[in-house]
> 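One structure, as structure tokens, below. Some questions next.
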Amino acid sequence: MSAPQFKMASKKKDKNNDKTAKPSLSKEQLMDLYYYMKLTRMLEERLTNLYRQNKVVGGLYRSLGQEATAVGSAYALGPDDILSPLIRDLGAIIVRGAEPKDVLCQYMAKAAGPTGGRDLNIHFGDLSKGYIGPVSMLGDMIPVMAGVALAGRLQGKNIVTLAYIGDGGISTGAFHEGLNFAAVQKLPLIVIAEYNNFAYSTPTSKQMANKDIADRGVGYGIPAEIVDGNDVVAVYELTKRAAEICRSGGGPFLIEAKTMRMKGHAEHDDFKYVPKELIAEWAAKDPISRFETYLTSSEVSTQDDLQQVNDKIAAMLDEAVDHAEQSGLPEPSTALGGVYADDNGQVEKTIQEKKHSAAFGD
Amino acid sequence: MSAPQFKMASKKKDKNNDKTAKPSLSKEQLMDLYYYMKLTRMLEERLTNLYRQNKVVGGLYRSLGQEATAVGSAYALGPDDILSPLIRDLGAIIVRGAEPKDVLCQYMAKAAGPTGGRDLNIHFGDLSKGYIGPVSMLGDMIPVMAGVALAGRLQGKNIVTLAYIGDGGISTGAFHEGLNFAAVQKLPLIVIAEYNNFAYSTPTSKQMANKDIADRGVGYGIPAEIVDGNDVVAVYELTKRAAEICRSGGGPFLIEAKTMRMKGHAEHDDFKYVPKELIAEWAAKDPISRFETYLTSSEVSTQDDLQQVNDKIAAMLDEAVDHAEQSGLPEPSTALGGVYADDNGQVEKTIQEKKHSAAFGD
Amino acid sequence: MAEVTYLEAIRQGIFEEMEKDERVFVIGEDVGIYGGAFKVTEGLIDKFGAKRVIDTPISEAAIVGASVGAAIMGMRPIAEMQFIDFISCGFDQLTNVAAKMRYRWGQGVPMVLRGPCGGGVRGGPFHSQNPEMYFVHTAGLKVVEPSSAYDAKGLIKAAIRDPDPVLFFEHKFLYRRIKEELPADDYIVPIGKAAVKREGRDISLFTYGAMVYKAMDAAMKLADEGIDIEVIDLRTLSPLDEPAILESAQKTNKVIILHEDTRTGGIAGEIAAILGEKAFEYLDGPIIRITAPDTPVPYSPPLEEFFLPQVEDIVTAARKLAAY
Amino acid sequence: MAEVTYLEAIRQGIFEEMEKDERVFVIGEDVGIYGGAFKVTEGLIDKFGAKRVIDTPISEAAIVGASVGAAIMGMRPIAEMQFIDFISCGFDQLTNVAAKMRYRWGQGVPMVLRGPCGGGVRGGPFHSQNPEMYFVHTAGLKVVEPSSAYDAKGLIKAAIRDPDPVLFFEHKFLYRRIKEELPADDYIVPIGKAAVKREGRDISLFTYGAMVYKAMDAAMKLADEGIDIEVIDLRTLSPLDEPAILESAQKTNKVIILHEDTRTGGIAGEIAAILGEKAFEYLDGPIIRITAPDTPVPYSPPLEEFFLPQVEDIVTAARKLAAY
Ligand SMILES: Cc1ncc(C[n+]2csc(CCOP(=O)(O)OP(=O)(O)O)c2C)c(N)n1
Ligand SMILES: Cc1ncc(C[n+]2csc(CCOP(=O)(O)OP(=O)(O)O)c2C)c(N)n1
Ligand SMILES: [Mg+2]
Ligand SMILES: [Mg+2]
């Protein structure tokens with residue numbers, strides 16, 4: 001099957017000229033990308049509904065408008081590669097095989113979620129599937145993923161690691177230390193910096209005085225390129241190329257994905273600080289509609305095919321939501337234990353201390 | 001008096017072409033620069049002697065070979081400007097009016113030192129003279145000096161702040177956060193990055209994968225230039241220009257001074273890890289001999305003039321060393337107090353606690 | 001007079017100090033037009049402008065470091081951590097730069113660092129922490145945590161006027177849950193003074209922050225049983241109000257220390273040590289600690305409720321201690 | 001067998017574990033050709049190469065973070081802080097990433113972080129700190145501090161083999177000042193176990209690190225006066241060996257806690273709280289704390305000596321306590 005044509009938006013920062021690459025994706029792969037993006041969006045829409053019904057515990061963080069960045073990049077990794085998402089990279093862990101029902105259970109604080117209700121949203125990992133959940137402290141996963149890449153090298157595995165960071169997160173010391181360490185060590189680490197115009201309410205212009213995040217590449221002596229983050233194929237192609245460069249010792253690699261956060265920071269955020277025109281401008285660039293147009297106009301698929309994908313996802317999500325809704329909350333006492341590998345009587349000790357057994361002899 | 005000619009080694013990083021500026025310094029000013037450099041070196045030589053006699057308490061950190069960077073830059077500041085030195089920028093605080101006897105007393109842990117023996121080497125400050133001593137944690141003074149600049153702006157003062165950092169210190173998160181914050185706020189902060197080839201035993205190639213520290217400027221959206229750190233006039237001229245740019249709202253400004261640490265990290269360091277050729281290469285570029293040659297060959301001064309300066313310094317240092325040697329160590333109990341502005345009975349309480357008065361009723 | 005929430009009390013305190021003293025300014029993430037994640041700084045930018053209400057990049061070390069720099073120049077910065085958990089990223093600046101400067105070379109650092117702490121809102125391990133002890137253990141810092149709107153306003157003002165670095169912990173569970181009328185006139189609550197929330201004969205219960213309410217609930221229940229609890233709200237954690245602690249313990253002769261912070265190395269230890277050395281002869285029973293267990297703060301409601309000390313825990317322990 | 005210094009014992013422990021287990025590697029500033037600022041990693045690069053002895057940029061957060069990343073991939077990193085004071089720059093990674101990962105999603109982080117702590121060498125405020133309590137207070141971390149060459153070797157080995165993050169504090173005053181013969185065979189000192197350094201009837205003295213020697217000196221002097229001190233070297237600070245603490249206190253009925261760390265929030269508080277709750281009935285006298293005061297560590301010899309607890313302080317307090 002001949003690969004379909006697709007306009008590549010990636011540009012080499014230091015050359016500054018557009019170029020058109022041949023997408024290397026098969027029809028099945030293109031449909032995969034569609035599936036993952038759509039699954040991400042529809043799963044988040046379910047979460048939004050659940051949130052409105054007060055069934056989500058805590059905040060809900062949407063990736064609306066950014067699905068192409070998360071999905072396209074994660075899809076470019078090999079099976080043994082490992083990534084670490086940001087809160088808005090649900091699509092990335094979905095590509096790596098995270099189950100919607102697990103995500104739902106996490107957001108609903110259920111016992112059946114992958115952390116048993118101990119941590120929230122996508123704060124969980126599965127090394128067998130190749131993803132490591134983030135901590136909240138922005139930037140912290142950059143050194144960690146550098147370390148994962150370092151371990152890969154020490155173990156003689158030719159793996160690549162991928163860490164996501166926001167236009168806000170790049171201001172952290174951890175980002176700097178981690179990326180610089182990776183650069184000195186030439187570690188196979190891809191950093192995808194999501195330029196989505198805001199960090200909470202803060203516009204990127206208050207985050208940095210330089211124009212593009214990719215401007216930082218030269219200061220670390222590493223390759224850095226900008227990609228249209230709403231173009232899933234472009235993101236895929238650039239990440240794939242970055243992974244090859246990393247695998248052959250040319251890493252780390254900094255990718256800047258230009259995109260837009262189409263909702264507030266979290267569902268509670270009224271989003272008032274975002275100019276209407278900016279929203280309108282980016283709404284027109286919605287990564288999923290755009291990809292649908294491409295898929296149908298380039299005859300990769302018909303409207304019917306797409307509808308089928310949507311139906312399949314909807315059915316799967318019905319089931320996953322049911323599962324999550326019917327799941328129970330964790331047993332209170334499961335708050336204890338698992339702090340160390342060897343509990344060493346800690347749980348029992350804590351329970352005794354709650355009863356003050358030593359003081360009162362009972 | 002016509003300004004003497006001097007080859008400027010500063011080059012604009014993005015242009016990469018040398019250019020020759022007219023030094024704006026008077027004869028008196030050139031002699032000032034000589035005096036400060038020589039005073040710095042001779043003071044350190046006295047310290048080295050005292051160190052060998054076990055009269056310096058703790059480590060001794062030399063700036064041999066780097067005097068031009070510290071002196072030239074500090075000399076370019078205005079009277080209300082404020083700088084924060086690194087351990088190897090003794091010359092900078094000397095220019096700002098720090099007294100050799102105070103430095104000696106500090107290094108000898110004497111009560112008469114500016115911290116009363118509480119802190120060591122050049123870890124002290126004097127706001128009235130415009131310098132703030134560093135903490136040991138490298139990088140930390142960059143955000144602090146950004147804050148000093150911010151205060152200046154809020155107070156309507158048109159001051160510039162200057163912070164020194166090493167080729168090692170630039171790897172810290174604090175450096176990144178501080179400089180980026182300054183860039184976003186367009187603060188009048190000059191950062192002088194001293195590329196002296198080593199951070200302790202670590203060569204700069206293990207500190208960063210980029211070639212020049214100035215490469216980082218573009219990533220922060222700020223001007224960055226390289227200067228020959230062993231050329232005191234070049235350092236002066238560039239800092240002066242940077243200060244003007246900062247004062248007129250074009251800051252922050254990153255200056256990279258290429259120089260060489262001509263001794264071990266501290267006096268105890270055997271320096272074995274430094275290739276002999278590198279030492280020889282830089283010995284030939286000694287900033288003081290070089291400046292002496294310039295001063296005499298351009299007829300700014302005669303050998304005799306220089307000798308007079310040296311004699312004057314030697315006499316002053318004799319006296320300062322005497323003073324320091326004769327000074328006493330602090331009273332033990334002055335370890336207490338001064339933790340908070342209002343002691344609030346803390347000293348007395350601590351003394352009672354040492355005696356366990358409350359427990360034993362005495 | 002209208003009733004004012006704990007959150008609004010803090011906002012008012014900052015507002016009034018900014019009005020009165022032009023050295024005071026606010027710095028942090030999203031503190032400007034957005035008014036802060038919890039809206040504590042809402043409206044400040046309209047009144048005082050972007051010069052004095054500074055939105056920063058996500059750079060806690062820079063926020064703290066720049067505050068130190070501004071403070072030593074005579075300004076009075078109020079730095080916000082969006083959640084107090086992120087203080088971990090400014091830890092070095094706080095403990096090494098801010099805390100030690102006056103001792104080292106006599107230069108004071110009059111700054112306030114404030115932010116929402118504490119659990120009960122399902123924030124999970126990184127949005128619910130109580131990191132006060134890291135700073136109580138650091139000489140040179142002061143640490144306060146108000147439990148009422150009155151104290152919140154009085155303590156934030158005292159903190160802003162203080163010549164040394166003050167960490168101001170705001171318990172986010174209390175932000176909009178409690179309200180009271182506040183005096184129209186300017187007032188402060190002095191740093192270093194505990195408050196007797198309820199006088200009692202039988203047991204001294206030392207606590208602070210949101211736990212004050214659980215302590216008061218427990219005291220009410222216990223009163224029905226004839227057990228008379230003295231509830232002391234520490235309010236300031238560093239410097240501790242040692243005279244108040246000793247006085248109460250010497251009166252009741254029995255002590256419970258209650259905190260939401262985790263157990264090992266929590267402030268209960270410090271208080272136990274003070275009592276063990278200085279009130280040994282007065283104690284008629286074991287010193288009881290009621291604290292969160294030594295785990296991160298879990299997220300799911302049943303887990304978090306299990307993690308947090310509960311009224312029942314206090315009541316049960318107090319009964320046993322009273323009977324001891 | 002030759003006698004081995006405390007420093008050399010640590011070096012040997014690392015060396016032997018690296019020889020035996022190829023997952024073990026060393027990472028830090030100047031740990032390679034230079035062999036570390038104190039030469040603890042001297043010679044390792046010659047034997048194991050630059051791949052396993054990694055010189056890093058000055059980036060403590062990256063050192064800790066990269067260690068976490070490598071550890072979760074099955075490696076066994078040993079991260080060095082050039083001075084333990086700089087742990088402040090890795091504080092966030094340690095307390096939020098390393099400490100909480102297992103609890104959050106079951107992923108252990110088997111890493112060691114080690115570095116020189118403590119005073120007595122005129123290092124001043126930033127090269128003499130004892131920051132153990134910041135980490136004792138953080139669930140998910142273990143903290144050890146050996147006082148002898150034997151324990152140093154045994155504990156570093158146990159730390160390297162431990163499935164959880166272990167902070168290994170090396171008291172720099174002891175590096176080259178103490179020596180002993182070590183067993184030829186492989187051994188470990190288990191984490192979580194205190195050691196009775198001297199048995200005694202009259203007073204239990206709990207301490208650790210360099211203070212163990214001051215405690216022993218004091219005990220010897222007091223023995224001449226007929227006061228019999230039991231000296232317990234805690235060795236592990238987290239988790240504390242509570243059974244050993246209780247057992248000794250129940251035997252002697254009188255307790256002194258001695259630490260070089262500053263007073264407020266120091267580990268003496270934690271021990272006082274354990275005793276106050278669990279050994280109340282056994283105590284026949286106040287719990288005496290002997291600690292550094294609440295100040296930064298001063299530099300000048302007379303100041304630092306005043307700051308550090310001294311043998312005389314112990315002797316005086318013990319006499320009074322014995323007579324109590
Ligand atoms: C170190 C740190 N400081 C502050 C926060 C609070 N916070 C959470 S998300 C956020 C904005 C993040 O913006 P960005 O990095 O651009 O990511 P985006 O949300 O746009 O994907 C902030 C400030 C945090 N999580 N970590
Ligand atoms: C955050 C931090 N980590 C480690 C150290 C230990 N240390 C002191 S000086 C030094 C090397 C500094 O090199 P550089 O920044 O290049 O300055 P130079 O000594 O060359 O002037 C190191 C690693 C420190 N002071 N601070
Ligand atoms: Mg963003
Ligand atoms: Mg250097």
Side-chain angles (χ1 to χ4, degrees), chain A residues 57-59 106 108-111 113 115-121 123 135-140 166-175 199-203 206-208 265 269 272-273 328-339 346-347 349-351 353-356 358-360 362, chain C residues 29-37 50 54-62 82-83 85-86 88-90 92 121-127 256 263 285-310 313 316-317 319-321 323-324:
Chain A
V57 177
Q106 276 278 109
M108 295 167 81
K110 297 298 177 79
T115 68
R118 287 180 167 194
D119 205 345
L120 34 71
N121 59 59
H123 283 200
V135 296
S136 293
M137 286 67 194
L138 295 167
D140 279 9
D167 45 68
I170 60 162
S171 302
T172 61
F175 166 80
Y200 211 139
S201 75
T202 305
K206 284 194 175 168
Q207 209 65 239
M208 60 190 200
H265 173 62
D269 170 4
K272 267 201 315 235
Y273 49 83
L329 292 170
E331 276 304 306
S333 66
T334 62
L336 299 179
V339 177
Q346 265 302 121
V347 169
K349 181 168 172 276
T350 304
I351 288 166
E353 283 168 348
K354 240 176 140 67
K355 292 194 285 190
H356 310 282
F360 302 122
D362 53 21
Chain C
E29 294 153 17
D30 306 294
V31 295
I33 16 157
Y34 197 71
I54 301 172
D55 276 325
T56 68
I58 303 177
S59 303
E60 282 76 11
Q82 198 156 85
F83 284 79
D85 308 63
F86 304 128
S88 55
C89 303
D92 169 57
V121 304
R122 318 312 175 207
F126 304 112
H127 290 77
I256 295 176
R263 187 177 188 84
I287 298 171
I288 298 301
R289 277 201 283 185
I290 304 175
T291 71
D294 287 322
T295 72
V297 187
Y299 152 64
S300 188
L303 304 185
E304 193 180 22
E305 291 307 303
F306 185 89
F307 172 89
L308 295 169
Q310 299 297 344
D313 298 328
T316 316
R319 275 188 201 129
K320 291 183 189 172
L321 185 57
Y324 186 89

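Side chains included, hydrogens not; waters and symmetry mates left out as well; all remaining heavy atoms used. We name chains A, B, ... by the order of the sequence lines, and we start the count at 1 in each one.
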> Which one wins on heavy-atom pair count under 4.5 Å against chain A: C/Ala62, C/Ala37, C/Ser88, C/Gly32?
C/Ala37

> Could you tell me which portion of A/Thr115 (side chain, backbone, both or neither) has an atom closer than 4.5 angstrom to a non-hydrogen atom of chain C?
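A/Thr115 has no heavy atom closer than 4.5 Å to chain C.
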
> Which atoms of C/Ala317 are under 4.5 Å from chain A, going by heavy atoms: the side chain, the backbone, both sets, or neither?
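Both the backbone and the side chain of C/Ala317 come within 4.5 Å of chain A.
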
> Side chain, backbone, both or neither: which part of C/Ile287 has an atom under 4.5 Å from a heavy atom of chain A?
neither

> For A/Asp140, which atoms come within 4.5 Å of any heavy atom of chain C: side chain, backbone, both, or neither?
neither

> So which part of A/Lys354 gets closer than 4.5 Å to some heavy atom of chain C, the side chain, the backbone, both or neither?
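Interface part for A/Lys354: side chain.
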
> In Å, rounded to the nearest 0.5 Å, how long is the span from OG of C/Ser59 to CD1 of A/Ile170?
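One gets 9.5 Å once the value is rounded to the nearest 0.5 Å.
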
> Quick one: does any side-chain atom of C/Glu304 pair with a main-chain N or O of C/Arg122 as donor and acceptor, under 3.5 Å?
yes

> Donor-acceptor pair, A/Asp269 side chain versus A/His265 backbone, under 3.5 Å?
yes

> Under a 4.5 Å heavy-atom cutoff, which of A/Met137, A/Glu331, A/Gln346 has the most pairs with chain C?
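The residue among A/Met137, A/Glu331, A/Gln346 with the greatest pair count is A/Met137.
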
> Quick one: do A/Thr350 and C/Thr295 satisfy side chain to side chain contact (heavy atoms under 4.5 Å, CB included)? Show the steps, please.
CA-CA 10 Å; A/Thr350 304; C/Thr295 72; over 6 Å; no

> Under the side chain to side chain contact (heavy atoms under 4.5 Å, CB included) rule, collect the residues that match up with A/Ser136, sequence neighbours excluded.
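For A/Ser136 the side chain to side chain contact (heavy atoms under 4.5 Å, CB included) partners, ignoring immediate neighbours, are A/His123, C/Phe86, C/Phe126, C/His127.
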
> Among A/Asp167, A/Thr172, A/Asn121, single out the residue with the greatest number of heavy-atom pairs under 4.5 Å to chain C.
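Of the options given, most contacts go to A/Thr172.
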
> Please work out whether the ring planes of A/Tyr273 and C/Tyr34 are parallel, tilted or perpendicular, with thresholds of 30° and 60°.
perpendicular

> Report the residues that fulfil side chain to side chain donor-acceptor pair (under 3.5 Å) with A/Ser201, sequence neighbours left out, ordered by chain and then residue number.
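Testing A/Ser201 for side chain to side chain donor-acceptor pair (under 3.5 Å), a comparison that skips the adjacent residues, returns C/Asp30.
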
> Can a donor-acceptor pair be found, under 3.5 Å and without considering hydrogens, that links the side chain of C/Glu29 to the backbone of C/Gln82?
no

> Can you tell me how far apart CD1 (C/Ile256) and CG (C/Asp313) are? Round to the nearest 0.5 Å.
10.5 Å

> Identify which part of A/Phe360 has an atom lying under 4.5 Å from any heavy atom of chain C, answering side chain, backbone, both or neither.
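Contact with chain C is through the side chain of A/Phe360 alone.
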
> Heavy-atom pairs under 4.5 Å with chain C: which of A/Gly58, A/Gly168, A/Gly113 has the most?
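Ranked by contacts with chain C, first place is A/Gly168.
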
> With only heavy atoms counted, which part of A/Val339 is less than 4.5 Å from chain C, the side chain, the backbone, both or neither?
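Contact with chain C involves the side chain of A/Val339 alone.
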
> Between C/Cys89, C/Pro125, C/Pro286, C/Gly124, which shows the greatest number of heavy-atom pairs under 4.5 Å with chain A?
C/Pro125

> Measuring heavy-atom distances to chain A, does C/Val297 have an atom under 4.5 Å in its side chain, in its backbone, in both, or in neither?
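Contact with chain A is through the backbone of C/Val297 alone.
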
> Roughly how far apart are A/Met108 CE and A/Leu329 CG, rounded to 0.5 Å?
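Nearest 0.5 Å value for the CE-CG distance: 9.0 Å.
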
> Test A/His356 against C/Ile290 for side chain to side chain contact (heavy atoms under 4.5 Å, CB included), laying out the working first.
CA-CA 9 Å; A/His356 310 282; C/Ile290 304 175; 3.9 Å; yes

> Is it the backbone or the side chain of A/Leu138 that comes under 4.5 Å from a heavy atom of chain C, or both, or neither?
side chain

> Which one wins on heavy-atom pair count under 4.5 Å against chain A: C/Phe83, C/Phe307, C/Phe306?
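Heavy-atom pair counts peak at C/Phe306.
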
> Quick one: what part of C/Arg263 sits under 4.5 Å from any heavy atom of chain A, side chain, backbone, both or neither?
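For C/Arg263, the side chain is the part near chain A, not the backbone.
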
> Under a 4.5 Å heavy-atom cut-off, does chain C meet the side chain of A/Thr202, its backbone, both or neither?
both

